[in-house]
Amino acid sequence: MRPSVRSIALIDCNNFYVSCERVFRLDLNNQPVIVLSNNDGCVVSRSNEVKALGIKMGVPLFKIRDQVQQHNVQVFSSNYVLYADMSNRVMAILREYAPLQEVYSIDESFLDMTGIHDIGQRAQAMRERVLRETGIPVCVGIGSSKTLAKLANFVAKRHPKSQGVFNFNMLTTRQAESVFSNVPVEEVWGIGRQLTKALDAIGIQTVQQLRTADIASLRKRFGVAMEKTVRELRGEACIELEEATPAKQQIINSRSFGQSVTEIEDLQDALAHFVSNAAHKLRAQQSCAALLQVFIMTDRFRDDQSQYCPSVAVPLPVPTASSTTLQGYAVSALAAMFRPGYRYKKAGVILSEICPETLHQGDMFAGAPEDPALMLALDQINARFGKGTLKLSQDGSRRSWQMRQERKSPEYTTNWHELPFCR
DNA sequence: TCTCCGATTAGAC
DNA sequence: CTAACGGTCTAATCGGAGA
């Protein structure tokens with residue numbers, strides 16, 4: 001028996017960060033609103049009003065100062081605690097609508113809705129419920145592959161007539177081809193700027209042209225990823241849903257500073273902080289790392305200042321997830337590469353060569369004994385009383401490097417002390 | 001020639 | 001008042017080194 005066609009849904013929150021801010025500020029509805037990246041640097045989320053003004057994704061705030069002033073655009077720093085909490089609420093509701101869910105990003109989720117009766121109506125019900133219970137508007141795209149579901153979501157977002165739901169599986173071949181002919185290739189999942197340019201050079205501009213191109217020659221020229229994309233566009237599901245997120249192979253924690261720093265003590269403080277965060281993530285996925293890389297760098301946008309961007313890789317004698325052990329190595333690495341006389345703007349740590357913690361447990365011939373119990377206590381106390389309740393001594397006594405975050409909204413859903421009427 | 005490595009590229013959000 | 005531009009993560013690919 002031929003397997004029935006898959007129905008994969010992609011639910012994507014509309015202008016997610018902006019929508020989160022609006023949930024608690026009804027006065028922001030119909031107003032132009034943007035949310036900024038870390039350090040209040042670039043635009044990462046825009047309301048429709050802002051998109052209509054022609055303000056592009058990713059532009060630095062200082063380049064649009066005039067427009068912001070002129071149109072009274074409301075500006076917010078990123079409030080990740082709020083966005084993560086709102087995301088969890090949305091995802092928990094979506095999970096009820098299908099046996100299989102992949103949480104793809106903070107604002108997107110795939111659901112396998114194959115075989116579900118009356119999918120269009122279910123999708124509408126899902127949208128209404130998410131909006132009612134969380135205040136977040138979402139759109140639903142459906143197709144027989146993940147790539148088609150993504151594309152359908154794009155169509156749903158772009159055409160108000162679709163009422164927020166678009167399903168390729170409900171279309172005749174002729175109708176689908178008409179849609180494909182009207183969507184440029186750069187909207188396809190996996191086709192970025194470079195590929196768009198390269199495809200254009202061989203006469204491929206629309207999704208329909210890509211879908212009907214010769215797979216063998218595309219693969220030869222662009223590789224396996226492109227072949228999968230084309231097959232998916234033809235309706236063949238090549239990329240499966242992944243319910244469990246696999247353990248990370250690499251954990252990076254780094255930040256640009258609010259201001260440049262010149263003292264080694266400031267870098268030490270920042271690195272201690274980054275190591276703590278990275279090691280915490282490592283422990284959260286029950287892993288250890290065998291390689292620690294540490295880097296510091298000057299401001300690459302200042303061509304009037306001398307640049308220095310060293311990094312040091314420290315192979316660890318025994319894989320570890322201990323914040324204290326890792327901090328020790330990070331401090332030595334910093335001492336080895338620090339040169340006075342530069343204005344440092346960014347630093348970070350990378351943990352890699354990651355293995356499960358069970359792999360090295362019981363290694364009685366290892367070097368100095370470690371402190372898994374101490375780390376466990378640290379993590380438990382911080383989980384219970386809030387991040388940053390308990391820290392190691394190196395971490396965060398200097399604040400000179402802290403990122404700029406001048407327009408952050410309250411953590412409405414997770415912190416009593418930040419609620420306006422509790423102050 | 002094959003394989004393994006690190007570095008680079010490309011893409012996503 | 002001034003200066004001002006994110007952070008993580010993965011997979012594929014490429015070129016060189018070594019077997």
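We name chains A, B, ... by the order of the sequence lines, and we start the count at 1 in each one. None of the values given here were measured: they were computed from a predicted structure.
Closest approach of Tyr344(A) to Arg339(A), counting heavy atoms only: OH-O, 2.5 Å.
Looking at residues two or more places apart in sequence or on another chain, you find a ring-ring contact (aromatic ring centres under 6.0 Å, His included) between Phe166(A) and Phe168(A).
Base pairing of dT2(C) is not made with any nucleotide, judged by Watson-Crick or G-U wobble geometry with both donor-acceptor distances under 3.5 Å.
Counting any heavy atom pair closer than 4.0 Å across all strands shown, Arg255(A) reaches sugar-phosphate atoms only and no base atom. Asp40(A) comes within 4.0 angstrom of nothing in the nucleic acid, heavy atoms only. Note on Lys248(A): only backbone sugar-phosphate atoms sit closer than 4.0 angstrom, heavy atoms only; bases stay farther off. In this structure, Ile251(A) reaches the sugar-phosphate backbone alone: every heavy-atom distance under 4.0 Å involves primed, P, OP1 or OP2 atoms, never a base.
Where stacking is scored as ring centres under 5.5 Å apart with planes under 30°, Phe301(A) registers as stacked on the base of dC5(C).
A salt bridge does not link Arg6(A) to Glu236(A): none of the charged side-chain nitrogens sits closer than 4.0 Å to a carboxylate oxygen.
The residue among Ala247(A) and Phe62(A) whose nearest nucleotide of DNA chain C lies closer to the 5′ end is Phe62(A). Between Arg404(A) and Lys346(A), the residue anchored closer to the 5' end of DNA chain C is Arg404(A), taking for each the nucleotide with the nearest heavy atom.
Between the side chains of Ser7(A) and Asn169(A), at least one donor-acceptor pair of N or O atoms lies under 3.5 Å.
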Donor-acceptor contacts, no H, no angles, side chain residues 189-205 of chain A, under 3.5 Å, sequence neighbours left out:
residue	atom	partner	partner atom	Å
Trp189(A)	NE1	Tyr104(A)	OH	3.2
Thr196(A)	OG1	Gly192(A)	O	2.6
Asp200(A)	OD1	Gln205(A)	NE2	3.1

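Considering only the side chain of Ile252(A), dT8(C) comes nearest among dT8(C), dA12(B), dC5(C). Side chain of Lys281(A), nearest nucleotide from dT8(C), dC5(C), dA11(C): dT8(C). Between dA11(C), dA3(C), dA12(C), one nucleotide has an atom nearer to the side chain of Val224(A) than all others, and that is dA12(C).
Taking the C1' atom of each, dG11(B) and dG6(C) are spaced 16 Å apart, rounded to whole Å.
Phosphate proximity of dA3(C) to Gln259(A): absent, as no side-chain N or O sits under 4.0 Å from OP1 or OP2. Close to dC5(C), at under 4.0 Å from its OP1 or OP2, lies no side-chain N or O of Ser256(A).
With values rounded to the nearest 0.5 angstrom, Leu111(A) atom CG is found 10.0 Å from Glu102(A) atom CD. Here Arg46(A) contributes atom CZ and Lys56(A) contributes atom NZ; the two are 8.0 Å apart, rounded to the nearest 0.5 Å.
Taken residue by residue, residues 188-218 of chain A places heavy atoms nearer than 4.0 Å to DNA chain B at Val188(A), Trp189(A), Gly190(A), Ile191(A), Gly192(A), Arg193(A), Gln194(A), Leu195(A).
Rounded to a whole Å, the NZ atom of Lys228(A) is 16 Å from the C1' atom of dA10(B). Here dC5(C) presents its C1' atom at 16 Å from CZ of Phe257(A), a figure rounded to the nearest Å.
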